[in-house]
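Single-structure report; data block below.
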Amino acid sequence: MYMDVDKLLEHWAFVHTTVKPIETDEEHTDALARYEQLFAKHMNDPENAVIRSLLENVGVQIHAFESERYIIPEAAPGDVLAFLMDSNGLSQSELAREVSIDQGTISKLLKGVRAFSKAQAKNLGTFFSVPVEVFI
């Protein structure tokens with residue numbers, strides 16, 4: 001396949017900022033904004049392979065930067081739930097209504113008396129926009 005090198009060079013400065021590893025907090029902030037824009041486009045056109053590929057690339061770059069820069073200590077699933085509830089100003093009763101999980105069950109999950117089911121983890125992960133794995 002013939003490639004027009006001049007055309008490639010013309011666009012490289014812009015493309016390079018999107019595909020290169022993230023090195024600074026400013027680049028991280030820019031990458032997060034870019035990811036949100038790409039995600040919105042992906043939601044409107046989920047079959048578009050170019051959008052999906054670029055979204056994945058930016059996501060990998062963000063993950064690599066965050067994994068290196070922000071080390072998050074291991075936490076018990078109940079502690080994660082308590083943190084998320086506190087951060088969002090939610091009581092057990094309010095969360096129970098929002099996610100259709102019995103308040104008594106939420107209390108047991110918070111205390112570690114009961115393990116999170118896959119369905120509960122998925123429901124809570126979706127509600128709080130966090131990976132399901134934090135609850136399992």
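All values derive from a computational prediction rather than experimental measurement. Because only heavy atoms are used, hydrogens play no part in the values below, and waters and symmetry mates are left out as well, while side chains stay in.
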Can you check side chain to side chain contact (heavy atoms under 4.5 Å, CB included) on R52 and N48, steps first, answer last?
-> CA-CA 6 Å; R52 185 173 53 251; N48 187 315; over 6 Å; no
Among the clusters formed by ILVMFWY side chains lying less than 4.5 Å apart, do [X] and [Y] turn up in the same one?
{"X": "I51", "Y": "L54", "answer": "no"}
{"X": "V99", "Y": "V134", "answer": "yes"}
{"X": "M43", "Y": "V58", "answer": "yes"}
{"X": "I22", "Y": "Y70", "answer": "yes"}
{"X": "F83", "Y": "L109", "answer": "yes"}

How far apart are the closest heavy atoms of [X] and [Y], and which atoms are they?
{"X": "L110", "Y": "G78", "value": "CD2-O, 3.6 Å"}
{"X": "L84", "Y": "N88", "value": "O-ND2, 2.7 Å"}
{"X": "F65", "Y": "T24", "value": "CZ-O, 3.7 Å"}
{"X": "N57", "Y": "T18", "value": "OD1-O, 3.7 Å"}

Would a distance-only check, ignoring hydrogens and angles, find a side-chain to backbone donor-acceptor pair under 3.5 Å from [X] to [Y]?
{"X": "T29", "Y": "D25", "result": "yes"}
{"X": "Q120", "Y": "S117", "result": "yes"}
{"X": "R114", "Y": "T105", "result": "no"}

Checking side chain to side chain contact (heavy atoms under 4.5 Å, CB included) for the pair L124/I101: CA distance, chi angles, key distance, verdict?
-> CA-CA 9 Å; L124 290 164; I101 298 174; 4.2 Å; yes
Atom pair [atom1]/[atom2] of [X] and [Y] - distance to nearest 0.5 Å:
{"X": "S93", "Y": "E98", "atom1": "OG", "atom2": "CD", "result": "12.0 Å"}
{"X": "L81", "Y": "K111", "atom1": "CG", "atom2": "NZ", "result": "13.0 Å"}
{"X": "I106", "Y": "E94", "atom1": "CD1", "atom2": "CD", "result": "10.5 Å"}
{"X": "L90", "Y": "R97", "atom1": "CG", "atom2": "CZ", "result": "9.5 Å"}
{"X": "L38", "Y": "E56", "atom1": "CG", "atom2": "CD", "result": "11.0 Å"}
{"X": "H42", "Y": "E47", "atom1": "NE2", "atom2": "CD", "result": "8.5 Å"}

Side chain proximity check, L95 to F128, heavy atoms < 4.5 angstrom |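 Yes - at least one pair of side-chain heavy atoms lies under 4.5 Å apart.
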Can you find a side-chain donor-acceptor pair between H28 and E23 that sits under 3.5 Å?
->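 No pair is found: no donor N or O on one side chain lies under 3.5 Å from an acceptor on the other.
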Is it true that K20 and E27 have a side-chain N and a carboxylate O under 4.0 angstrom from each other?
->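 Salt bridge between K20 and E27, a charged N being under 4.0 Å from a carboxylate O: yes.
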Checking side chain to side chain contact (heavy atoms under 4.5 Å, CB included) for the pair E66/L32: CA distance, chi angles, key distance, verdict?
-> CA-CA 11 Å; E66 290 176 351; L32 290 172; 4.1 Å; yes
Should the pair F39 and Y35 be assigned to parallel (<30°), tilted (30 to 60°) or perpendicular (>60°) ring geometry?
-> parallel
